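Everything on this sheet refers to the single structure shown next.
What you are looking at is a predicted structure, and each value in this text was computed from that prediction instead of being measured. The figures here come from the full heavy-atom set of this structure, side chains too, leaving out hydrogens, waters and symmetry mates. So that the names make sense, note that chain A is the first sequence line, chain B the second, and so on, each numbered from 1.
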2 protein chains.
Amino acid sequence: MRKERIDELTTEFMRKCRKSGYRITPQRMAIYRELLKDEGHPSIDEILAAVRNFLPNVSFDTVYRNLISFFEAGLIDSVEVYGGPRRFEPILDPHHHFRCTVCGRLVDFHSFYYDSLSVPDEIKREFNVEKIRITLEGVCKSCK
Amino acid sequence: MRKERIDELTTEFMRKCRKSGYRITPQRMAIYRELLKDEGHPSIDEILAAVRNFLPNVSFDTVYRNLISFFEAGLIDSVEVYGGPRRFEPILDPHHHFRCTVCGRLVDFHSFYYDSLSVPDEIKREFNVEKIRITLEGVCKSCK
DNA sequence: CTTTTTGCAAAGCGTTTGCATTGAA
DNA sequence: TTCAATGCAAACGCTTTGCAAAAAG
């Protein structure tokens, strides 16, 4: 990602933080920045390691609590990979995931076809659907 | 589910077990039977409790190991609800899930539209997709 | 008889919480 | 100066493993 884009998203993030009543701390800024820099789906531990390059005393706990808070406030997204630790990603554009059941690798992909899926009427009637999660599962080339 | 249907599925299950090289034990039969009887998506602990009504000395461990084995052999299905314990269900017909993000309730629904979804070509080229998981997320009536 | 399965117990791993201290506003 | 955020440390919940005894084939 271009540096300008990162700065832009970071500014936007700070604005949203203030709106949600979150104070701006160096830890929070670093957590969000490292999440943006990571191209994958970093776990709490991975983000912690990255943040510690800049703020060596940050605790697991701070990273944990903040990622959860950010997610709950809708500031970032959470990818739930069963069995492994919780993973996170910045909210960029809509996408879906392929997961290799052998190596556990998680791959992003885009699909307008999937993006535009509708919700069956009988579900709409009974539930307030906010999100459609589609995960393809199978085996990736290197594991085959 | 009708008793005859349960017996039929149980016989089928035993046949598959033998084919997979699994020995038939009272524990295994009870585990599968209780899984069939449960209309929801029981966790290991829930199945354990049910099984213990018949076999009081069964350990968590036996239920755990067997459910995992059954799943890996394709004898039953696994529902992965992040944050909570792993859940299981017998393989009956294809269906999808709605999850309430407030109370955590997991609801089955059927949809031919979702059943017949195809996999994008660029994914097909790179991965062997075995399964499409669709989970709708939102809020159910009682939580609204 | 052989080999799998079981039950037990302990360890593992990621998550979650309580509390005193620190620091943002 | 106030209240939220941090760091620490411990507890927690569910999963996973090693091993000796029991049971299936």
Side-chain angles (χ1 to χ4, degrees), chain A residues 10 13-34 41-49 51-73 75-76 78-88 101 104 106, chain B residues 13-34 41-49 51-73 75-76 78-88 104 106:
Chain A
T10 306
F13 173 76
M14 289 172 69
R15 200 186 57 70
K16 284 186 186 166
C17 270
R18 291 209 187 82
K19 213 176 78 181
S20 301
Y22 292 140
R23 294 181 175 176
I24 311 289
T25 66
Q27 290 91 336
R28 282 183 171 157
M29 296 318 295
I31 290 166
Y32 184 69
R33 180 162 39 83
E34 296 309 315
H41 311 85
S43 63
I44 299 175
D45 275 320
E46 282 161 3
I47 296 177
L48 174 63
V51 167
R52 279 192 171 154
N53 291 329
F54 302 91
L55 303 169
N57 296 319
V58 169
S59 67
F60 169 87
D61 201 77
T62 295
V63 177
Y64 165 78
R65 272 193 242 244
N66 279 312
L67 286 169
I68 304 276
S69 303
F70 296 164
F71 171 68
E72 284 175 350
L75 275 55
I76 65 172
S78 161
V79 190
E80 308 181 335
V81 184
Y82 197 87
R86 191 166 184 170
R87 296 179 173 279
F88 297 87
T101 50
L106 203 66
Chain B
F13 174 74
M14 290 174 70
R15 202 187 56 69
K16 284 186 186 166
C17 270
R18 292 208 187 83
K19 213 177 80 181
S20 300
Y22 292 141
R23 293 182 176 174
I24 311 288
T25 66
Q27 290 90 335
R28 283 184 172 155
M29 295 318 296
I31 290 167
Y32 184 70
R33 180 163 38 85
E34 295 310 314
H41 311 84
S43 63
I44 299 175
D45 276 320
E46 283 161 2
I47 296 177
L48 175 63
V51 166
R52 279 193 172 153
N53 290 330
F54 301 90
L55 304 170
N57 296 319
V58 169
S59 67
F60 169 87
D61 204 79
T62 294
V63 177
Y64 165 78
R65 273 192 242 242
N66 278 314
L67 286 169
I68 304 277
S69 304
F70 296 165
F71 170 68
E72 285 174 350
L75 274 54
I76 64 171
S78 162
V79 191
E80 309 181 334
V81 184
Y82 197 86
R86 191 167 184 171
R87 294 178 174 278
F88 297 86
L106 204 64

Could you check how far [atom1] of [X] sits from [atom2] of [N], rounded to whole Å?
X: B:L48; N: C:dC8; atom1: CG; atom2: C1'; result: 14 Å
X: B:L67; N: C:dT6; atom1: CG; atom2: P; result: 11 Å
X: A:D45; N: C:dT15; atom1: CG; atom2: P; result: 8 Å
X: B:R28; N: C:dG7; atom1: CZ; atom2: P; result: 11 Å
X: B:L55; N: D:dA23; atom1: CG; atom2: P; result: 12 Å
X: A:R86; N: D:dC14; atom1: CZ; atom2: P; result: 16 Å

Within this structure, what is the CG-CZ distance for the pair A:D45 and A:R87, rounded to the nearest 0.5 Å?
9.5 Å
As an exercise, state the distance from CZ of A:F60 to CD1 of A:I47, rounded to the nearest 0.5 Å.
10.5 Å
All ring pair (Phe, Tyr, Trp, His ring centres under 6.0 Å) counterparts of B:Y32, not counting sequence neighbours:
B:F13
Please tabulate, one pair per line, each protein N/O and nucleotide N/O from nucleotides 10-13 of chain D that are separated by under 3.5 Å, including the distance.
none

Please check this pair: side chain of B:R52 against backbone of B:V58, looking for a donor-acceptor N/O pair closer than 3.5 Å.
yes
B:E46 side chain to B:S43 backbone, donor-acceptor under 3.5 Å
yes
Under 4.5 Å between any side-chain heavy atoms of [X] and [Y], yes or no?
X: A:Y64; Y: A:L48; value: no
X: B:V51; Y: B:Q27; value: no
X: A:C17; Y: A:L75; value: yes
X: A:L55; Y: A:P26; value: yes

Return each pair, listed once, that meets salt bridge (Lys or Arg N to Asp or Glu O under 4.0 Å) where at least one residue sits in residues 20-34 of chain A; pairs must be two or more places apart or across chains.
A:E34-A:K37
Does A:R52 or B:F60 map to a spot on DNA chain D nearer the 5' end, using the closest nucleotide for each?
A:R52
Using a 4.0 Å cut-off on protein heavy atoms (strictly under), produce a 5'-to-3' string for nucleotides 17-25 of chain C with B for base contact, S for backbone-only sugar-phosphate contact, and - for none.
BBB---BBS
Examine C:dC8: is either OP1 or OP2 under 4.0 Å from a nitrogen or oxygen in the side chain of B:S59? Give yes or no.
no
Distance below 4.0 Å between A:N66 side-chain N/O and D:dT6 OP1 or OP2
yes
Using rotation axes that map the C1' atoms of four end pairs onto the next four (five pairs an end), what angle separates the end axes of the helix from C:dC1-D:dG25 to C:dA25-D:dT1, to 10°?
40°
Listing request: all side chain to side chain donor-acceptor pair (under 3.5 Å) pairs with a residue in residues 13-22 of chain B, at least two apart in sequence or in separate chains.
B:E12-B:R15
